[in-house]
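Data block below; observations after.
Start at 1 and go down the list; that is how both ligands and their atoms are numbered.
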Amino acid sequence: METAEIRRRWLSFFESKGHTVVPSAPLIHEDPNLLFVNAGMVPFKPYFLGQETPPYPRATSVQKCVRTGDIDEVGKTSRHGTFFQMNGNFSFGDYFKQGAIEMAWELLTSSVDKGGYGLDPERLWATVYLDDDEAVDIWREVIGLPEERIVRRGMADNFWSMGVPGPCGPCSEIFYDRGPAYGAEGGPAVDEDRYMEIWNLVFMQNERGEGTGKADFPIIGDLPKKSIDTGMGLERIASVLQGVDNMYEIDEVFPVLAKAAEMTGKEYGTRSGHAAGTSHPDDVHLRVVADHVRSSLMLIGDGVTPGNEGRGYVLRRMLRRAVRAMRLLGYDDPALPHLLPVSMERMSQSYPELRENFDRISAIAYAEEVAFRRTLAQGTTILDNAVNATKSAGGSTLSGSQAFTLHDTYGFPIDLTLEMAAEQGLEVDREGFTRLMQEQRERAKADARAKKAGHANTEVWRDLRALGATDWIAYDTLTTEATVIGLVRDGAQVAELEPGQTGQVVLDRSCFYAESGGQIADEGVITADGVRMRVRDVQRPVKGLVVHTVEVIDGPVRVGEQALAEVDPQWRVEACQAHSGTHVVHAALREVLGPTALQSGSYNKPGYLRLDFAWNQALSPETRSEIEEVANLAVRDDLPVSAQWMSLPDAKAWGALALFGETYGEDVRVIEIGGPWSRELCGGTHVRRSSQVGTITLTGESSVGSGVRRVEAFVGMEALRYLARERAIVHELSGLVNASSGELTDRIGDMITRLKDAEKEIARLHREQVLAAAGSLTDAAKDVAGTTFVGHHAAGASADDVRQMVLDTRGRLGEERPVVVAVTGDADDRPVIVIATNQSARDAGTKAGTLVKVAAKVLGGGGGGKPDIAQGGGQDATAVNDALKAVEEKLAGA
Ligand code: SER
């Protein structure tokens with residue numbers, strides 16, 4: 001049964017049981033505790049916790065998920081994949097254990113003809129939480145599952161939570177026995193490869209607090225209603241129903257693996273049996289490619305771009321691991337252009353938007369591969385140098401810190417370092433490397449902990465939210481009367497805030513725009529009788545609650561106070577200009593560059609905007625001017641700007657650009673500028689007509705990661721001020737070089753050419769002087785133990801100068817006797833020494849390299865070279881004469 005069919009059956013089965021079908025949410029979710037959606041229940045979390053009223057009592061979905069905790073295990077076992085889809089059915093205070101178990105059993109065991117999955121009931125096992133007798137009874141009495149196939153397990157296996165504070169509860173898991181070929185008999189407690197978990201039924205009834213691991217956290221209370229959250233890994237059930245070994249071999253994944261095998265000439269799965277539990281390394285690499293290519297496709301599809309932290313880093317790592325695995329399989333050319341389209345073909349059956357957006361998605365992925373190839377090339381040079389240095393120092397082990405630097409600074413994977421060092425007969429200090437990695441990980445963890453504490457306790461916001469949602473009227477007015485319903489200081493509710501204090505104010509109604517969608521929060525004041533507070537920030541920490549961070553000027557302010565909230569009108573006007581300006585620039589970019597130049601992030605505040613977009617080369621000055629002109633023409637044309645609410649499908653049908661993270665099921669707001677010219681989903685504040693944006697002037701364009709560029713602009717009065725500053729600079733320069741602005745470029749160009757010529761002339765004269773000085777050096781020659789020795793300090797000479805003098809002098813002294821010439825210089829206060837020998841000196845066993853080491857030691861540095869000429873340097877420029885003396889003494893001793 002194809003994966004798409006399994007998915008279709010799932011949704012229609014639960015729809016027939018009264019569930020509302022809810023489309024998958026994007027992988028990036030607003031939950032600050034989660035990097036990615038990692039379970040089907042994530043979008044429904046507020047319903048379980050009672051923070052929001054569910055619009056339906058039962059729901060079902062197939063949710064896109066990413067889990068990256070086990071990324072290093074991918075491919076080694078059959079159980080770990082990073083991207084997967086979770087079939088889920090959910091009850092919000094409706095049916096509970098019995099309903100969930102009965103429906104699960106019916107779908108699994110109904111025949112294929114009747115719309116089920118047709119699994120043999122004799123092969124199914126169930127686990128339950130230790131003391132959950134109720135679940136045991138249902139399995140035994142209602143379903144008729146024999147006692148010996150019902151297993152009780154502890155917290156770590158049969159109590160489910162999100163891994164972070166939130167809803168949780170005991171669970172019952174269903175396992176499928178894949179038969180003796182996969183392992184020993186005895187049920188899931190004995191062998192989880194043979195007995196594969198296919199479905200987890202969670203009986204959501206508690207809320208948990210902070211803690212670690214699967215079992216170490218406090219239960220802080222009961223949920224308002226007993227609920228159901230189930231999850232069936234679509235890929236796992238597909239592997240069972242398609243009779244294949246693991247998720248890498250199902251119809252949605254295998255074609256990529258097959259393509260990789262074809263490209264590398266490897267044969268998959270021929271060299272090991274699955275029961276052995278280990279796979280051939282080539283098979284592991286092929287699975288890594290299949291998994292990571294698909295996950296990257298899905299992540300970029302949902303708006304993630306490669307970067308150095310957070311989500312971007314996870315994506316970068318997966319793309320690079322895929323490319324690296326291809327190289328280990330022997331494929332050195334760019335691989336993603338062959339692999340990604342194969343994955344898109346398969347996945348777009350369930351996610352058609354992947355095909356529509358493939359130009360953008362592939363541009364980002366391919367650019368990352370190009371960047372990584374560059375890194376590899378660079379890393380290889382660095383590694384070669386490290387290898388040479390280790391060898392010439394007589395060592396046989398590359399230090400842990402060298403390996404760590406390669407990894408950390410050059411993104412050079414450790415396994416590659418190991419392999420390439422081994423090729424050159426060197427080992428790598430793995431212990432040292434691991435220790436440094438561990439230290440780094442600990443630093444990162446400490447960092448993450450600090451950040452988390454910074455999120456503040458969401459409890460306090462939840463308590464305030466329970467008093468009702470803020471009546472939010474930022475679109476309608478700039479002033480409103482309101483009641484202070486809560487005050488918070490240092491994360492806890494307080495009865496009053498004193499003058500001089502900073503804290504948070506919650507009002508029953510607010511006209512302040514809370515930061516979101518790239519637009520920063522409004523500024524303004526909140527006043528009451530004898531109270532004045534300056535609003536510094538406005539956020540929505542939980543849905544429906546607007547929180548103002550204020551500085552109290554006059555007070556105290558107390559809960560219950562009648563207040564007046566006033567947004568600074570000038571601030572708002574300029575904020576609207578900047579946000580509408582962002583849409584205008586976005587539309588202009590797409591008009592000039594084409595529709596793939598899609599925004600991937602933005603930020604705007606009064607007077608300024610910046611916008612990141614998918615594009616993988618720098619914009620030429622002409623293109624920038626064109627974009628700027630298109631944007632300003634849209635301003636001149638005085639286009640109407642409107643905001644309309646509609647359903648997401650309607651908005652999409654209307655061509656509105658749905659950027660990422662929109663929530664399904666609710667109406668969305670579409671901002672239109674000049675009809676279809678610009679239609680974007682947006683919750684921000686805007687001007688009424690485009691002419692109110694005023695001037696837009698692009699100030700910069702840069703790269704912010706592979707495949708992503710950033711433009712920045714000033715808007716309105718700020719644009720004018722910027723242009724005025726630039727004009728003043730031109731004016732000043734005109735005065736300085738005595739040219740009109742029209743002649744400025746030529747005049748300065750001229751000056752630069754003349755300056756360069758003059759510098760060349762100076763260098764030539766300097767060289768002549770140096771050579772002239774060298775002529776007299778032969779006069780300073782003296783005999784040291786049978787060798788003609790010249791030792792000279794050339795004050796102010798550079799290394800090049802010194803070298804020239806040394807070679808010239810040696811040439812003049814001929815070959816009759818052994819000759820050693822040593823000259824020091826100290827340009828820029830950096831001492832250098834160059835020493836040369838003639839053939840007869842070398843025949844007598846004198847080596848320049850050895851002498852230079854003696855001198856460099858005195859200078860506080862190092863050096864080296866060949867027997868005929870060598871160079872060294874150091875720190876201490878005052879020691880040059882001592883260094884020359886040391887050379888002479890060495891010669892005398894020899
Ligand atoms: N939330 C549970 C899980 O992820 C069931 O969906 O396993």
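Applying the 4.0 Å criterion to heavy atoms of Val202 picks out, from ligand 1, the atoms 2 (C), 5 (C). Ligand 1 places these atoms under 4.0 Å from at least one heavy atom of Asp229: 1 (N), 2 (C), 5 (C), 6 (O). Here is the list of ligand 1 atoms found below 4.0 Å of a heavy atom in Ala39: 4 (O). Ligand 1 places these atoms under 4.0 Å from at least one heavy atom of Met41: 1 (N).
Under a 4.0 Å N-O distance rule, the pair Glu2/Arg7 does not qualify as a salt bridge. Salt bridge status for Asp229 with Lys45: absent, with no side-chain N to carboxylate O gap under 4.0 Å. A salt bridge does not link Glu173 with Arg236: none of the charged nitrogens is closer than 4.0 Å to a carboxylate oxygen.
Closest protein heavy atom to atom 7 (O) of ligand 1: Asn200 ND2, 3.1 Å.
Residue Met162 places no heavy atom under 4.0 Å from ligand 1. By the 4.0 Å heavy-atom criterion, Arg67 is counted among the residues contacting ligand 1.
Defined by atom type and a distance below 3.5 Å, a donor-acceptor pair is present between the side-chain atoms of Ser161 and Arg208. Asn246 and Ser239 share no side-chain donor-acceptor pair at under 3.5 Å.
Note: an N/O pair closer than 3.5 Å links Gly231 and ligand 1 by distance alone.
If you look at Asn38 next to ligand 1, there are no close heavy atoms at all, none under 4.0 Å.
Between His19 and the choices Phe92, Phe90, Tyr95, the ring-ring contact (aromatic ring centres under 6.0 Å, His included) rule is met once, by Tyr95.
Arg178 places no side-chain N or O within 3.5 Å of a backbone atom of Met196 that could act as its donor or acceptor partner.
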